[in-house]
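Shown next, in structure tokens, is the structure this report addresses.
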Amino acid sequence: MTNNDPTSSFYDENATIYAARERNLPQSRLDEFLAALPAGASILELGCGAGQDAVYLISRGFDVTPTDGSTELAKQAEALIGRPVRIMRFETLDAGAAFDGIWAEASLLHVPRSNLPNVFDRIRRALKDGGIFHGSFKAGDAEGHDTLGRYYNYPSAEWLMALLSEGGWKDIAMTEADGGGFDGKPTKWLYVSAKK
């Protein structure tokens with residue numbers, strides 16, 4: 001994605017509304033993720049959005065580095081979290097064995113399919129050995145855009161599983177659930193966790 005693509009523009013232009021939306025904290029997924037990590041572990045959050053997940057992770061005593069690709073959304077998150085949010089696009093992640101866990105809830109679903117293998121490689125490199133990755137995606141059969149103009153990679157469970165397996169991930173677990181999104185449309189979600 002370039003910085004002037006419709007997806008980035010959406011989050012910059014609608015940051016205040018998006019940050020203020022009603023959102024249920026994915027607490028059971030957060031707790032499951034944290035249970036697999038050592039106490040006080042270092043966590044990189046990719047696409048922190050309005051910052052609610054980061055606040056929860058920090059409240060549980062973890063060392064969290066929140067990041068987002070949208071400058072305007074990062075400002076909203078900083079106000080909630082009370083600490084800086086790094087402006088970073090997934091394609092520029094460049095860290096070696098720096099984090100115990102990487103949390104990417106409803107963020108990597110905007111990465112073009114052709115870029116996903118590279119982004120997953122960068123995530124793997126950024127994790128310590130045995131580090132845990134969590135991500136969620138809107139399920140589908142082909143990439144496309146939603147009614148708000150945002151790009152989604154819409155993977156199938158099989159496609160995503162194969163991509164992670166080929167990327168060398170271990171202990172890959174995937175669950176599917178029905179839910180929704182900001183556009184108000186019913187959505188099938190894929191939740192994935194994997195270990196370096």
Side-chain angles (χ1 to χ4, degrees), residues 1-26 29-30 33 42-59 62-95 98-99 101-123 125-126 133-138 140 143-155 179-185 187 189-192:
M1 290 191 304
T2 57
N3 284 332
N4 59 359
D5 74 291
T7 307
S8 295
S9 301
F10 170 85
Y11 289 110
D12 279 337
E13 291 162 16
N14 297 282
T16 308
I17 301 162
Y18 188 79
R21 78 197 189 286
E22 205 167 292
R23 174 182 180 260
N24 293 324
L25 190 76
R29 291 192 295 283
L30 283 159
F33 173 70
S42 60
I43 296 170
L44 173 66
E45 184 176 14
L46 295 175
C48 70
Q52 298 100 331
D53 294 2
V55 167
Y56 183 76
L57 295 166
I58 292 164
S59 78
F62 290 84
D63 175 19
V64 182
T65 303
T67 70
D68 203 273
S70 163
T71 306
E72 295 305 315
L73 211 43
K75 286 179 192 166
Q76 297 288 327
E78 285 178 353
L80 183 71
I81 300 167
R83 62 169 70 174
V85 170
R86 192 190 311 168
I87 311 296
M88 187 191 84
R89 301 187 69 76
F90 312 129
E91 298 87 351
T92 64
L93 173 60
D94 188 18
F99 300 97
I102 293 182
W103 178 260
E105 177 80 357
S107 59
L108 298 176
L109 38 64
H110 293 309
V111 176
R113 282 188 175 208
S114 57
N115 292 0
L116 262 180
N118 172 43
V119 170
F120 278 136
D121 283 347
R122 289 175 178 275
I123 290 170
R125 270 203 310 274
F133 161 72
H134 164 88
S136 61
F137 297 82
K138 290 186 176 187
E143 56 193 332
H145 293 79
D146 71 0
T147 54
L148 302 171
R150 298 177 297 175
Y151 168 88
Y152 284 91
N153 44 39
Y154 293 125
F182 187 71
D183 63 0
K185 302 273 189 292
T187 303
W189 285 90
L190 299 175
Y191 300 107
V192 63

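Shown here for A77 and G49, the closest heavy-atom pair between the two residues is CB-O, 3.3 Å. Here the closest heavy-atom approach between residue D12 and residue T71 is recorded as OD1-N, 3.4 Å. Closest approach of V64 and A54 over heavy atoms only: CG1-CB, 4.3 Å. Across every non-hydrogen atom of I123 and I102, the tightest pair is O-CD1, 3.5 Å.
Contact check for F90 versus T67: no side-chain heavy atoms found under the 4.5 Å cut-off. D94 has its side chain out of reach of T92: every pair of non-hydrogen atoms, C-beta onward, lies at least 4.5 Å apart. The shortest side-chain heavy-atom distance between W189 and K138 falls under the 4.5 Å cut-off. Using a 4.5 Å cut-off on side-chain heavy atoms (C-beta onward), Y154 and E143 make no contact. You'll find the side chain of R89 reaches within 4.5 Å of the side chain of S8, heavy atoms only. Contact of the F182 side chain with the I17 side chain is registered, since non-hydrogen atoms from C-beta on lie closer than 4.5 Å. Residues E45 and D53 have side chains in contact (heavy-atom distance under 4.5 Å, counting atoms from C-beta outward).
With salt bridges taken as basic N to acidic carboxylate O contacts below 4.0 Å, one links K75 and E72.
Side chain of Q76 to backbone of A50: no donor-acceptor contact under 3.5 angstrom is found. Between the side chain of N153 and the backbone N or O of R113 there is no donor-acceptor pair closer than 3.5 Å. At distances below 3.5 Å, not a single donor-acceptor pair connects side-chain atoms of N14 with backbone N or O atoms of Y18. Side-chain atoms of T65 do not come within 3.5 Å of backbone N or O of D63 as any donor-acceptor pair.
Checked against the 6.0 Å centroid threshold, F62 and F33 do not count as a close aromatic pair. Checked against a 6.0 Å centroid threshold, the rings of H110 and Y11 count as neighbours.
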